[in-house]
Amino acid sequence: MAKKLYVSNSEESTRMFKNDFLESLTKIHWSVPLIFWIPVIVYLVYKAYAIGGLSVSSVALYYFSGLVFWTLAEYVLHRWVFHYHPTSDWGKRIHFIFHGVHHDYPKDRLRLVMPLSASIPMATIIYLIFSLFFAEYTLAAFFAGFMLGYLIYDECHYAMHHANFKSGIFKRIKDHHMLHHYADPEKGFGVSSSIWDVIFGSGFPKKNKNK
């Protein structure tokens with residue numbers, strides 16, 4: 001019999017902190033990232049174009065580059081950070097908070113998109129790292145695309161667990177992610193796209209329709 005890869009597949013949640021305030025920071029409605037980050041993205045594009053004086057083509061180039069770069073960042077974070085297997089009790093606790101809880105309770109509606117308590121500090125750190133390689137206004141355009149990629153990932157992730165796609169690209173993306181959860185969590189690390197799983201050889205073998 002195959003090993004069960006989750007604690008509960010219902011929409012129930014589990015408590016992560018004894019402190020009520022800390023516990024509240026771990027839960028978020030799927031719409032909150034859209035409400036918070038879309039104005040930030042719009043401002044960054046405005047900053048690059050209206051304040052920084054970049055041409056429309058330059059803004060579009062950096063914006064699209066940031067969007068594409070997000071897909072690689074998503075894969076790297078998911079595979080080598082979120083699926084790192086610590087051995088210490090402290091490390092296991094941190095891993096559970098950041099990602100283990102999602103695999104234990106994959107349909108928990110309030111823990112399927114990243115809470116602002118985590119996404120804001122992470123975005124700030126990544127922005128500061130990017131600032132070492134980009135000028136101010138090109139960074140604004142690049143980071144706007146990068147954050148759009150993050151939003152697509154976050155909202156796709158929620159949809160993969162709760163929307164019922166009948167056909168098309170979203171069904172294929174969902175099927176890919178469901179295999180990650182219910183067949184082999186050490187494969188299929190792309191969520192919004194499976195392209196990097198193909199490139200790095202971490203995808204799932206295609207079914208032989210002749211069998």
Side-chain angles (χ1 to χ4, degrees), residues 21-22 24-84 86 91 94-95 97-99 101-102 110-160 169-170 173 177 189-200 202:
F21 175 70
L22 291 178
S24 70
L25 295 179
T26 71
K27 297 182 178 182
I28 186 173
H29 189 268
W30 64 266
S31 64
V32 174
L34 295 172
I35 295 169
F36 182 86
W37 288 111
I38 286 178
V40 174
I41 293 170
V42 171
Y43 170 74
L44 288 171
V45 172
Y46 170 81
K47 178 180 179 180
Y49 176 71
I51 301 177
L54 296 183
S55 65
V56 172
S57 59
S58 292
V59 172
L61 175 63
Y62 282 107
Y63 186 87
F64 182 72
S65 298
L67 176 60
V68 172
F69 188 76
W70 162 260
T71 65
L72 176 60
E74 172 193 308
Y75 180 88
V76 170
L77 284 170
H78 193 188
R79 181 173 184 177
W80 287 294
V81 178
F82 292 162
H83 277 267
Y84 173 74
I94 296 298
H95 174 265
I97 291 172
F98 272 90
H99 197 62
V101 66
H102 173 53
L110 296 180
R111 290 199 174 112
L112 281 172
V113 298
M114 189 176 294
L116 297 181
S117 58
S119 64
I120 292 175
M122 286 184 66
T124 301
I125 292 170
I126 293 172
Y127 183 89
L128 291 174
I129 293 173
F130 285 171
S131 69
L132 300 175
F133 304 95
F134 292 91
E136 180 180 2
Y137 298 116
T138 55
L139 173 57
F142 182 87
F143 200 68
F146 184 83
M147 291 308 297
L148 175 65
Y150 157 71
L151 275 185
I152 293 172
Y153 152 78
D154 238 3
E155 302 306 320
C156 274
H157 189 220
Y158 185 90
M160 294 309 105
I169 186 171
F170 284 107
I173 293 173
H177 190 57
F189 299 100
V191 178
S192 58
S193 170
S194 62
I195 183 63
W196 295 106
D197 283 303
V198 174
I199 293 172
F200 287 106
S202 56

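Only a predicted model underlies this, so the values are computations on that prediction, with no experimental measurement involved. Residue numbers run from 1 in the order of the sequence given.
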With the side chain counted from C-beta on, respond yes when His102 and Arg111 share a heavy-atom pair under 4.5 Å apart, and no when they do not.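 No. Closest side-chain heavy atoms not under 4.5 Å.
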
Would you name the heavy atoms of Ala135 and Thr138 that are closest together and state the gap between them?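 Minimum heavy-atom contact is O-OG1, 3.1 Å.
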
So does Leu110 get a backbone contact from the side chain of His29, meaning a donor-acceptor N/O pair under 3.5 Å?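 No: the side chain of His29 does not pair with the backbone of Leu110.
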
The test is side chain to side chain contact (heavy atoms under 4.5 Å, CB included); show your working for Val32 and Val113 and say whether it passes. CA-CA 9 Å; Val32 174; Val113 298; over 6 Å; no

Rounded distance (nearest 0.5 Å) linking atom CZ of Phe130 with atom CG of Leu132: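 So the gap between those two atoms works out to 10.5 Å.
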
Under the criterion ring-ring contact (aromatic ring centres under 6.0 Å, His included), which of Trp70, Tyr63, Phe133, Phe134 is the partner of Phe142?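 Of all the options given, the one that passes is Phe134.
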
Heavy-atom check, side chain of His157 versus side chain of Met114, under 4.5 Å: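 The answer is no; the side chains never approach within 4.5 Å.
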
Is a side-chain donor or acceptor of Glu74 paired with a backbone partner of Ser192 at a separation under 3.5 angstrom?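 Side chain of Glu74 to backbone of Ser192: a pair is present.
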
Side chain to side chain contact (heavy atoms under 4.5 Å, CB included) between Phe200 and Arg79, worked out: CA-CA 11 Å; Phe200 287 106; Arg79 181 173 184 177; 3.8 Å; yes

Side-chain donor or acceptor of Ser55 paired with backbone N/O of Ser58 under 3.5 Å: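 Indeed, once roles are kept as given, a pair shorter than 3.5 Å links the two residues.
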
Compare every heavy atom of Trp196 with every heavy atom of Leu72, then report the nearest pair and how far apart it is.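 Smallest interatomic distance, heavy atoms only, reads N-NE1, 3.3 Å.
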
Which value, rounded to the nearest 0.5 Å, describes the distance between Leu54 atom CG and Tyr137 atom OH?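 These two atoms lie 9.0 Å from each other.
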
Would you say that more than 12 heavy atoms from the other residues, nucleotides or ligands in this model lie under 6.0 Å from the CZ of Phe36, or not?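 For Phe36, atom CZ is crowded (more than 12 foreign heavy atoms under 6.0 Å).
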
Between OH on residue Tyr127 and CD1 on residue Ile120, distance to nearest 0.5 Å: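 Going from the OH atom of Tyr127 to the CD1 atom of Ile120 covers 15.5 Å.
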
Could you tell me how the ring of His78 sits relative to the ring of His177: parallel (under 30°), tilted (30 to 60°) or perpendicular (over 60°)?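 Tilted.
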
What closest approach, in Å, do Ala144 and Val45 show between heavy atoms, and which atom pair accounts for it?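 So the minimum-distance heavy-atom pair works out to CB-CG2, 3.8 Å.
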
Answer yes or no: is there a side-chain heavy-atom contact under 4.5 Å between Ser119 and Trp37?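 Touching, per the 4.5 Å side-chain cut-off.
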
Other residues, nucleotides and ligands only: do more than 12 of their heavy atoms fall within 6.0 Å of CZ on Phe98?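 Open.
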
Evaluate Glu155 against Trp30 for side chain to side chain contact (heavy atoms under 4.5 Å, CB included), listing each step before the verdict. CA-CA 7 Å; Glu155 302 306 320; Trp30 64 266; 3.3 Å; yes

Any chance you could measure Ile28, atom CD1, to Leu112, atom CG, to the nearest 0.5 Å?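 That separation rounds to 11.5 Å.
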
Straight-line distance of Tyr75 OH to Ile199 CD1, nearest 0.5 Å: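 Result: 9.0 Å between the selected atoms.
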
Could you go step by step and tell me if Tyr150 and Asp154 meet the side-chain hydrogen bond (donor to acceptor under 3.5 Å, both in side chains) rule? CA-CA 6 Å; Tyr150 157 71; Asp154 238 3; 2.5 Å; yes

Is Ile169 atom CD1 crowded by more than 12 heavy atoms from other residues, nucleotides or ligands, each under 6.0 Å away?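 Not more than 12 within 6.0 Å, no.
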
Can you tell me how far apart CD1 (Ile97) and CD1 (Ile94) are? Round to the nearest 0.5 Å.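 Going from the CD1 atom of Ile97 to the CD1 atom of Ile94 covers 5.0 Å.
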
Where do Thr26 and Val101 land on the side chain to side chain contact (heavy atoms under 4.5 Å, CB included) test, with the steps shown first? CA-CA 11 Å; Thr26 71; Val101 66; over 6 Å; no

